[in-house]
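Note that the structure is predicted; figures quoted are calculated from it, not measured. Throughout, numbering of the chain's residues begins at 1 and tracks the sequence. Atoms considered below: every heavy atom in the structure, side chains included; atoms not considered: hydrogens, waters and symmetry mates.
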Amino acid sequence: MIRRTLTLFVFSSALAACNSSEPAKPIKDYMAQDVQPTAEVYWNAVQFISDESGDHEITPQTDAEWEDVRLAAVRLGEIGKELKQPGYSDARGPGWNDFADGLIEISGKAEEAAKAKDPEKVFEVGGTLYSVCSGCHEAYPAEQPEAANDASIAS
């Protein structure tokens, strides 16, 4: 009986934690510790640099490097879903979820580009990803995350 009660308590506690509207991290920490580093893995995977020593193309060279790019894209989609959770979205208005949906959508395209090992497509999708992120940061400045605009992604 005690074991059954304990099992029910643990299950109930876990269920309550899943339904909690309190995010695991404050948004500033989440952006700095999770979102930004993940996006940078994707953005830094393919670069075209021209400098005084010439033109340089940086692309993943191994299957493992391409897999890192693909996994970053997958993680960005997961992040988009997490950003739609009540703890992050409730105080920010419906525009917040539009940006999160944009992140989810572009992450799918980013994953496809990485799977195809297509440097030009990864670069192109990275630009769109940057636009989604920049648009959200413009609508929801880091200094005032609670001051929600009812902005949405322009298609």
Side-chain angles (χ1 to χ4, degrees), residues 10-11 13-92 94-145 148 151-155:
V10 170
F11 179 74
S13 297
L15 189 58
C18 290
N19 292 328
S20 173
S21 64
E22 195 65 33
K25 295 180 184 178
I27 192 68
K28 282 185 175 185
D29 292 344
Y30 188 58
M31 289 290 168
Q33 297 168 8
D34 295 85
V35 182
Q36 186 69 28
T38 304
E40 285 179 2
V41 168
Y42 194 84
W43 287 324
N44 292 336
V46 175
Q47 301 177 50
F48 303 100
I49 301 169
S50 291
D51 60 20
E52 56 280 346
S53 65
D55 295 334
H56 311 280
E57 186 174 322
I58 298 169
T59 61
Q61 299 299 304
T62 66
D63 289 344
E65 289 174 348
W66 278 109
E67 181 64 2
D68 288 344
V69 178
R70 188 191 73 77
L71 290 174
V74 169
R75 179 67 184 121
L76 288 168
E78 293 167 353
I79 287 168
K81 291 173 187 172
E82 290 166 6
L83 290 172
K84 291 178 71 169
Q85 295 301 311
Y88 290 125
S89 66
D90 279 355
R92 291 179 173 84
W96 179 266
N97 284 339
D98 291 340
F99 284 111
D101 286 337
L103 181 58
I104 294 165
E105 180 182 335
I106 198 61
S107 72
K109 293 176 183 177
E111 182 182 7
E112 290 172 17
K115 275 185 187 177
K117 299 179 183 177
D118 184 341
E120 289 181 24
K121 192 68 174 174
V122 168
F123 189 80
E124 176 187 321
V125 172
T128 305
L129 172 63
Y130 183 81
S131 295
V132 170
C133 292
S134 294
C136 187
H137 284 249
E138 187 175 313
Y140 300 93
E143 298 77 33
Q144 302 168 6
S152 61
I153 299 173
S155 301

K.L.:
Between R75 and E78, does at least one N-O distance fall below 4.0 Å, as a salt bridge requires?
P.N.:
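Yes, R75 and E78 are salt-bridged.
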
K.L.:
Hey, could you give me the NZ/CD distance between K117 and E65, rounded to the nearest 0.5 Å?
P.N.:
11.0 Å

K.L.:
If you take all heavy atoms of V69 and P60, which pair is closest and at what distance?
P.N.:
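What the structure gives for the nearest pair is CG2-CG, 3.9 Å.
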
K.L.:
Dump the intermediate steps for ring-ring contact (aromatic ring centres under 6.0 Å, His included) on Y88 and W96, then the final yes or no.
P.N.:
CA-CA 9 Å; Y88 290 125; W96 179 266; 7.4 Å; no

K.L.:
Work out which heavy atom in L83 is nearest to a heavy atom in A100; give both atom names and the distance.
P.N.:
CB-CB, 4.2 Å

K.L.:
Does Q61 reach the main-chain N or O of T59 with its side chain, forming a donor-acceptor pair under 3.5 Å?
P.N.:
yes

K.L.:
Determine, step by step, whether T38 and E40 satisfy the side chain to side chain donor-acceptor pair (under 3.5 Å) criterion, reporting the C-alpha distance in whole Å, the side-chain angles of both residues, the deciding distance to 0.1 Å, and the verdict.
P.N.:
CA-CA 5 Å; T38 304; E40 285 179 2; over 6 Å; no

K.L.:
Minimum heavy-atom separation for A39 and L76, please, with both atom names.
P.N.:
N-CD2, 4.0 Å

K.L.:
Would you check if the distance from the ring center of W43 to the ring center of Y130 is below 6.0 Å?
P.N.:
yes

K.L.:
Which atoms form the tightest heavy-atom contact between Y42 and A72, and what is the distance?
P.N.:
N-CB, 4.2 Å

K.L.:
Could you measure the distance from the SG atom of C133 to the CD atom of E138? Nearest 0.5 Å is fine.
P.N.:
13.0 Å

K.L.:
List the steps, then state whether salt bridge (charged side-chain N to carboxylate O under 4.0 Å, His left out) holds for E67 with R70.
P.N.:
CA-CA 5 Å; E67 181 64 2; R70 188 191 73 77; 2.8 Å; yes

K.L.:
Taking all heavy atoms of K84 and all of D101, pick out the closest pair and write down the distance.
P.N.:
NZ-OD1, 2.6 Å

K.L.:
Identify the two heavy atoms, one from S50 and one from D55, that lie closest to each other, and give their separation to 0.1 Å.
P.N.:
OG-OD1, 2.5 Å

K.L.:
Can you check whether P37's main-chain N or O pairs, donor with acceptor, with D34's side chain at less than 3.5 Å?
P.N.:
no

K.L.:
When you check the gap from the basic side-chain N to the acidic O, do K121 and E124 get nearer than 4.0 Å?
P.N.:
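Yes, K121 and E124 are salt-bridged.
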
K.L.:
Could you grab the distance from atom CD1 of I104 to atom CG of N97, nearest 0.5 Å is fine?
P.N.:
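Result: 8.5 Å between the selected atoms.
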
K.L.:
Does one side chain, of E105 or S107, offer a donor that lies under 3.5 Å from an acceptor on the other?
P.N.:
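No pair is found: no donor N or O on one side chain lies under 3.5 Å from an acceptor on the other.
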
K.L.:
Tell me whether the count of non-hydrogen atoms from other residues, nucleotides or ligands lying under 6.0 Å of NZ in K81 goes above 12.
P.N.:
no

K.L.:
Can you tell me which residue among N44, V46, I49 is in a side chain to side chain contact (heavy atoms under 4.5 Å, CB included) with I58?
P.N.:
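Single side chain to side chain contact (heavy atoms under 4.5 Å, CB included) partner of I58 among N44, V46, I49: I49.
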
